[in-house]
Amino acid sequence: MHEMGIVLHLAKTLDETAEEENLTKIGSVTLQVGEVSGIMTDLFTDCWNYFRGRHKALTECELILETIPAVTYCEGCGKTYPTVPQGRQCPHCGSWETWLKQGNECIIKEIEAE
Amino acid sequence: MKVIQVDRFISDANDKDAAKLREDLKAKGVLFLNLMSSPGSGKTTFLSRTLQDLKDLRLAVMEADIASTVDAERIAALGARSIQVHTGGMCHMDAGMTGAALETLGTDELDVIFLENVGNLICPAEFDTGAHKNVMILSVPEGDDKPLKYPLMFQQSDVLIVSKIDALPYFNFDLDKCRERALRLNPDIRIFPVSAKTGEGMEEWENWLREAREKNTSSVTAAP
């Protein structure tokens, strides 16, 4: 039920946006989903399609997903590397002093609405 | 239809609710702690011991589970105010859920409220519940490798309780390795090895709790 919970969060934030912008209908929402955000995109889409029919203003709202690749930065050598195949240890210098630069976010980029 | 740039995190509405809860509770002088761990790590036993030891503080517990009321009954039997929340199958709590539960529980005449989150080391770490501090429990039988497997949980926690240390002689659990792995992920994490059964280590944790409560009423605390 993890993805369903995220759908509810998305709907709540969209409701707020609709109220602020005086919108009555949202036709599509474009999400940027990080590669290591923990969201299973196919399950997420299924949950969305189930949910939107039950929520005013979102009934016809298409979900468009864009992936943000996960990138880790190394404090040791200042280089970046792709997170998914490498993990926490830097493949360039072997340092563990690394942090995720991008890839765990889930951002509402834009909506089409009236 | 027009295109509107939104650029908001999906959890924006939740984060706002959480920040408001945090402020409201702080204004009332109530410390709200989010307790997270795997199922069976001894959360309820640990809490029971804490409640018994800190009789001078007014403590309450919010139990979040998918089903049953066994945990809330155990806490109520100790005389503490408690509420059982059923998450409807959901694997974590969010600020909307804690907010509704706090309203039913009532926050007057309390010093500390514990949220015993759904037993799960993964997504409870991803959602702001409105708590002032996150506390996680890792029990000795689970193994010292858990920081490697569930990094976000260790990164998001202010406190790591290593529970069931009375069982250390029976398991290959290396406390130093566990400490090193947790600190690598989160240099600021406070680590308290405890046994709720024998009482070992409980005093250090309880001193931290008293201090956190005092700080929460006098200065601004960071969001989890």
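Throughout, a chain's letter reflects where its sequence line sits, starting with A, and its residues are numbered from 1. Note that the structure is a prediction, hence the values are computed from the model and not measured.
- Contact of N120(B) with chain A is not made at all, since no heavy-atom distance falls under 4.5 Å.
- Shown here is E103(B), whose CD atom has no more than 12 heavy atoms of other residues, nucleotides or ligands within 6.0 Å.
- In this structure, R88(A) fails the cation-pi test against W96(A), since its NZ or CZ atom is not both closer than 6.0 Å to the six-membered ring centre and inside 45 degrees of the ring normal.
- Side-chain contact annotation: E63(B) with Q84(B), donor-acceptor N/O pair under 3.5 Å absent.
- In this structure, no portion of L14(A) lies under 4.5 Å from any heavy atom of chain B.
- Only the backbone of S37(A) comes within contact range of chain B, judged by heavy atoms closer than 4.5 Å.
- Using a 3.5 Å distance cut-off with no hydrogens or angles, the side chains of W205(B) and T50(B) do pair a donor with an acceptor.
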